[in-house]
Amino acid sequence: MFLFALVAAYLVFGGIFVLFKKFIQAKGIEKVQFRLILIGILVTFSLLIAFNLVLPLFFHKLRFIPLGAVFTFPFVALTAYAITRYHLLNVKVIATEGIAFILAVVTLFEVLLSKSPTELVFRFGVFLLVLSFGILLIKSVLREVEQREELARLNEQLKVANVKLEDLSRAKTQLLSLASHQVKSPLAAIKGFAQILLEGIYGPISDKVRETLVKIRRSSDDLIALINTLLDMRRVEEGRMEYVFEKVKLADLVKDVVSGLEPLANEKKLEFTFESRSDALVNADRQKLKQVIQNMTDNAIKYTESGYVKVFLSEKGEWLTVSVVDSGRGVSPELLTHLFEEFVRDEKVKAKILGTGLGLFIAKKIIEAHGGTIAAQSEGEGKGSRFTIKLKKA
């Protein structure tokens, strides 16, 4: 019994020590697997040592020895749970190895029972084929298991990365909102003071000063428009864009936009026209719909060096269509498919024409909120473009 106690103690505590080291070094799901096995082993061997070693050796009580098999239940139960719940000892691999082993043993047994040299050679050949097939099958299953485990690991990493990206996006949105609001007020003040000076409230000013003040006011307008665009993007991303729908005569709204942009077109000596074939109403947020049409028309003017920009309003069935057609730079087929995405701009004109690449993205979201569609067409670079909005009549 003393010798048995030494051997048992060495094996039990040595095994627990090895498992504990592995548990400390393990990460993720492996740590859970080793924890379950370690708990099962500690419970099982605590019971075995208490009832099958300590009681018989020191108290001469032998009646619990037959219960040794029952004491192994915690280890068996927790190991089974680790296999089924946390994929310990991949069952698929073990089953494949077991089947391959049985087939190899059966064919080897057939070799041993051979009664003639010919039968021996034939059966030995079959044995080698079965053995080779079994090895290849086991390797294939192991490769599949490794790939699945790698895929699961990458999936977990992707989940973590997605959470981090969401946190970064939220932080970016909050920072953008704060910065935009903080900048917008001083810009409005600068624009207001420039306007006061232009109106001569503080006395007459020279032509040179007037020209500078006009530039200041125009730059302030551009920056305020940029800030408004960034704020709109934030609202769109958060799904907080607010709409006030009312009955709007679309022809009047488009005409208002065209009138406002006429000086810009005249500066570039473009043929700038508006043609309306409908007096129908639409159910829309006036300001936001005006923003979209203004963005489309302003883009057409900016990207057209010479020629024309034509705006059309037409009616067909229950739909009203606003089209902005130009003879400008056009859009390449590669860019056309991504035109309504965030921060998408033509790389060739970024240095020449200022912009954020957000206008069309926001426009698409606004038109979709109105139950309409927005689309772009172009035959290629240098062949002009056509932007179209379709809205249902009120």
Side-chain angles (χ1 to χ4, degrees), residues 176-233 252-274 286-311 324-331 343-363 382 384-385 387:
L176 183 64
S177 175
L178 178 64
S180 299
H181 282 295
Q182 292 296 327
V183 172
K184 194 173 180 180
S185 297
L187 277 173
I190 291 169
K191 180 186 173 182
F193 287 128
Q195 186 63 36
I196 288 171
L197 291 172
L198 281 169
E199 290 172 358
I201 293 175
Y202 292 127
I205 55 174
S206 66
D207 292 340
K208 210 163 192 178
V209 172
R210 180 176 295 278
E211 186 182 338
T212 303
L213 289 171
V214 168
K215 288 179 180 178
I216 291 172
R217 186 181 63 183
R218 189 177 297 167
S219 297
S220 299
D221 285 336
D222 290 342
L223 283 171
I224 289 169
L226 173 60
I227 290 168
N228 286 332
T229 299
L230 294 173
L231 290 172
D232 283 343
M233 184 195 71
D252 290 346
L253 189 144
V254 178
K255 187 177 180 181
D256 188 31
V257 170
V258 171
S259 298
L261 292 173
E262 204 163 10
L264 187 60
N266 291 338
E267 274 184 29
K268 301 181 78 172
K269 297 181 172 58
L270 300 176
E271 181 189 345
F272 189 44
T273 60
F274 170 53
R286 182 184 295 274
Q287 291 302 318
K288 291 190 173 56
L289 184 55
K290 183 178 179 181
Q291 174 186 336
V292 172
I293 297 169
Q294 187 167 342
N295 179 269
M296 283 172 46
T297 312
D298 182 53
N299 279 348
I301 295 170
K302 282 196 296 187
Y303 288 94
T304 304
E305 298 301 326
S306 62
Y308 61 84
V309 173
K310 298 179 180 181
V311 184
V324 180
V325 184
D326 64 66
S327 60
R329 295 175 177 273
V331 186
F343 304 108
V344 173
R345 294 196 67 212
D346 191 342
E347 297 290 337
K348 298 174 184 176
V349 298
K350 273 187 175 180
K352 298 178 184 177
I353 301 173
L354 297 177
T356 60
L358 291 170
L360 290 176
F361 168 74
I362 295 169
S385 57
F387 283 80

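Just so it is clear, the values below take in all heavy atoms, side chains as well, and ignore hydrogens, waters and symmetry mates. No experiment lies behind these values; they were computed from the predicted model shown.
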Task: Minimum heavy-atom distance between Gly307 and Ser327, given as atom pair plus value - done: CA-OG, 3.3 Å
Task: Straight-line distance of Leu289 CG to Leu253 CG, nearest 0.5 Å - done: 5.5 Å
Open item on the list: Run the side-chain hydrogen bond (donor to acceptor under 3.5 Å, both in side chains) test against Gln294 and tell me which residues pass, sequence neighbours left out.
Closed with: none
Under 3.5 Å, which donor-acceptor pairs link side chains of residues 258-274 to any protein atom two or more places apart or in another chain?
unit_1 : atom_1 : unit_2 : atom_2 : d
Ser259 : OG     : Lys255 : O      : 2.9
Asn266 : ND2    : Glu262 : O      : 3.3
Lys268 : NZ     : Ile301 : O      : 2.9
Lys268 : NZ     : Lys302 : O      : 3.2
Lys268 : NZ     : Thr304 : O      : 3.0

TODO: Indicate yes or no: at least one non-hydrogen side-chain atom of Ile216 is less than 4.5 angstrom from one of Leu197.
DONE: no
Task: Sequence-distant partners of Asp298, side-chain hydrogen bond (donor to acceptor under 3.5 Å, both in side chains), two or more places apart - done: none
Open item on the list: Suppose we screen for salt bridge (charged side-chain N to carboxylate O under 4.0 Å, His left out). Which residues come up paired with Lys290, at least two apart in sequence or across chains?
Closed with: Asp256
Task: side-chain hydrogen bond (donor to acceptor under 3.5 Å, both in side chains) against Gln287, all qualifying residues, sequence neighbours excluded - done: none
Tell me which donor-acceptor pairs under 3.5 Å the side chains of residues 200-214 have, and how far apart each pair is, sequence neighbours excluded?
unit_1 : atom_1 : unit_2 : atom_2 : d
Ser206 : OG     : Val209 : N      : 3.3
Arg210 : NH1    : Leu198 : O      : 3.2
Thr212 : OG1    : Lys208 : O      : 3.0

Open item on the list: Is the shortest side-chain heavy-atom distance between Phe387 and Leu360 below 4.5 Å?
Closed with: yes
Open item on the list: List the residues meeting side-chain hydrogen bond (donor to acceptor under 3.5 Å, both in side chains) with Lys191, not counting sequence neighbours, and say none if there are none.
Closed with: Asp221
Open item on the list: Using the salt bridge (charged side-chain N to carboxylate O under 4.0 Å, His left out) criterion, which residues pair with Arg286? Sequence neighbours excluded.
Closed with: Glu246
